[in-house]
Amino acid sequence: MWARFTAVTGLVLAGVLALPGVAMAKPKDLDIPVGTWLAARTHPAVQLTSVSYTADVAVPTPVANLEAIRGLTQQGVAAVQSGKISSDENSIYRWVVQQMAKEPGRYFSPGAPERVVEATAGGLCTGWWVTPDGYMVTAAHCVGQEESELAQTFATQALTKINEKDAADLISSLGDIASDDEIVRTAAKIFQIWNADNIKIRNVQSSLSLLQSLPGGGVDKTAKAVPIELVAKGTVYPGKDIAILKANGQNNLPTVPLGQDSDVRVGDTLYISGFPGTVTQTSIFNIESKLDPAFTEGPYNASRQTPEGVPYIQTQAPSYPGNSGGPVFSKDGNVIGILVGGLIQQDGGSTEGESFVLPVSIVREKLNEKNIKSAESVTTKAYNEALDLFFKNHYSDALPKFREVQALQPNHPYVAKYITDSQQAITAGKDESSSSILPWVLWGGGGLLVLFVLGTLGTVLRGKRRSKIPPSSFPPAPYGAQPGYLPPGQGQYGHPAQHGQPYGVPQQQPYPQRPPYPLPAAPEDTRAVRPHSPYGEPQQKPGPGANTRIAGLEAELEQLRRNMGQRPPDQR
């Protein structure tokens, strides 16, 4: 009976105990791609950062250098005569402005009046939470620019109208010609270069913030600028291009875990998360789209080192301006570095597939300098557990976990959508949660357990009516024997073995021909399961009050049987 009970209840308990645990599931366990698993887990911690500058920007009025322009015109005439360019006016002027664009400072000089505008400029990058209370990691070049770089930024972003006016004045001075698009574009390029070379910046003020995505109506998101302070800054690439930021008044923020440099090696796949400027700086997409990080992947190509000894990882995972400062992950979901930049082509464009990553050991070094300890937040722990359940189609089990995340972090940008998706999946009958079958499992397991208890109590009660065998009737156990031990030569159910009875089994109580209750099947291993007593009816009488106790127990058993027969199969 015990062997049978153990096997049956083992299956029942296996079904009951195989409930969702808290161990982190891997993509292979969830049957989803690594990238899908990583993006879902890490996106909440990846944030769009912004550095903004305000300043008074001044540029002089360009004054044409007539002597230089006259010489250029003579060169144009010679080019026409030699057949190098066509003799029509458009071709001549196109050639003239092309030559000016090669060296604008030769053909224009600074003059009066000075033109001044109050300008704002800035850039967008990527950062990521490393502690629940608001410490963030990004790249050093994302939080501040050198004076020359800042001048270029203002020239590009603040002087657009001035550049357009100067280009229009130049074209107008060329006379009544049918200017083509190439002449207009080239004239604009002339003053983009000249004004940038002559710009003056005064009263500069800067600020750092992150554009925190907030749940809006339904599952839509809106953006809120959250001030953030610079805590530590390394040296811009090719140095230790890392910065630590702090947003005050934060708690339970989603975080990503730090790994080790040794977690990855050449040939492994790396994963980059961040905000490419091709998306954040266009009007094509709405704010919700812009606040979702982009995920790219590619192989770890090589380990590099700068002349100053700073290590870098080269990867073919694509990255773009705006990705700077973003986390780079191993397949296990740990940060193994910061995306810093890519190779720049001679025309100023980036070389796709050649991205460079500052290893995570530099991140740890900078955090340790400020005694900052990276940590997993309770929000992240609950969110990851909910995601694992969601990806297993255990929507009923995932739903309370997602609601827990929402309570911990009301501004969580993704949990509202997962709650909606889980509810819709449950309504559509797609739920495969263990909780949806748990009542049936518990009913079956409980039924088996009650039946076992009933059977066992019945056996005990019948045994009580027969009383127990006097202890003196048992043979002495051999030295070292354990409960349930069957001595050598002893047959099943106490029948003598053919080779005698070396342990003195008593003969005065032979096994009856028709026992009062069925014999159990012989156990497979008589060494592990003790057989029923082979000594016939007991000689002892039950003690006082035994009949009363037996009658009471049998009445309780009968009531249990009636209750079992009336109990519905589903108690939800």
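Fair warning: this is a prediction, and the values are worked out from it, not measured in the lab. Heavy-atom basis, side chains included; hydrogens, waters and symmetry copies ignored.
A salt bridge does not link Lys401 to Asp397: none of the charged nitrogens lies less than 4.0 Å from a carboxylate oxygen. A salt bridge is absent between Glu164 and Lys161: the closest approach of a Lys/Arg side-chain nitrogen to an acidic carboxylate oxygen does not fall below 4.0 angstrom. Of the charged side-chain nitrogens involved, none lies within less than 4.0 Å of a carboxylate oxygen, so that Lys240 and Glu369 do not count as a salt-bridged pair.
In the model, Tyr395 has no side-chain atom that pairs as donor or acceptor with a side-chain atom of Asp421 under 3.5 Å. In the model, Ser433 has a side-chain atom that pairs as donor or acceptor with a side-chain atom of Asp431 under 3.5 Å. Side-chain contact check for Gln316 and Asn301: at least one donor-acceptor pair (N or O, by modelled atom type) lies under 3.5 Å.
Other residues, nucleotides and ligands contribute over 12 non-hydrogen atoms within 6.0 Å of the NZ atom of Lys246. No more than 12 heavy atoms of other residues, nucleotides or ligands lie within 6.0 Å of CD in Gln205, so this atom counts as exposed by the packing criterion.
A donor-acceptor distance shorter than 3.5 angstrom exists from the side chain of Thr126 to the backbone of Gly322, with no hydrogens or angles considered. Without hydrogens or angle criteria, Thr315 side chain to Pro299 main chain gives a donor-acceptor distance under 3.5 Å.
Of all the heavy atoms in Glu354 and Gln314, the pair that sits closest is CG-NE2, 4.3 Å. Between Leu210 and Trp129, the shortest heavy-atom contact is CD2-CH2, 3.4 Å.
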Subject >> Stepwise side-chain hydrogen bond (donor to acceptor under 3.5 Å, both in side chains) check, Asn252 with Thr379 >> reply: CA-CA 6 Å; Asn252 292 336; Thr379 302; 4.6 Å; no
**OP:** Please lay out, stage by stage, how Trp194 and Val59 fare under the test side chain to side chain contact (heavy atoms under 4.5 Å, CB included).
**Re:** CA-CA 10 Å; Trp194 189 86; Val59 289; 5.6 Å; no
Subject >> Residues Phe329, Thr42; criterion side chain to side chain contact (heavy atoms under 4.5 Å, CB included); working and verdict >> reply: CA-CA 9 Å; Phe329 298 96; Thr42 62; 3.5 Å; yes
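For Tyr312 and Tyr237, the ring centers are positioned less than 6.0 Å apart.
The aromatic rings of His43 and Phe295 lie perpendicular to each other, with more than 60° between the two planes, well past the 30° mark.
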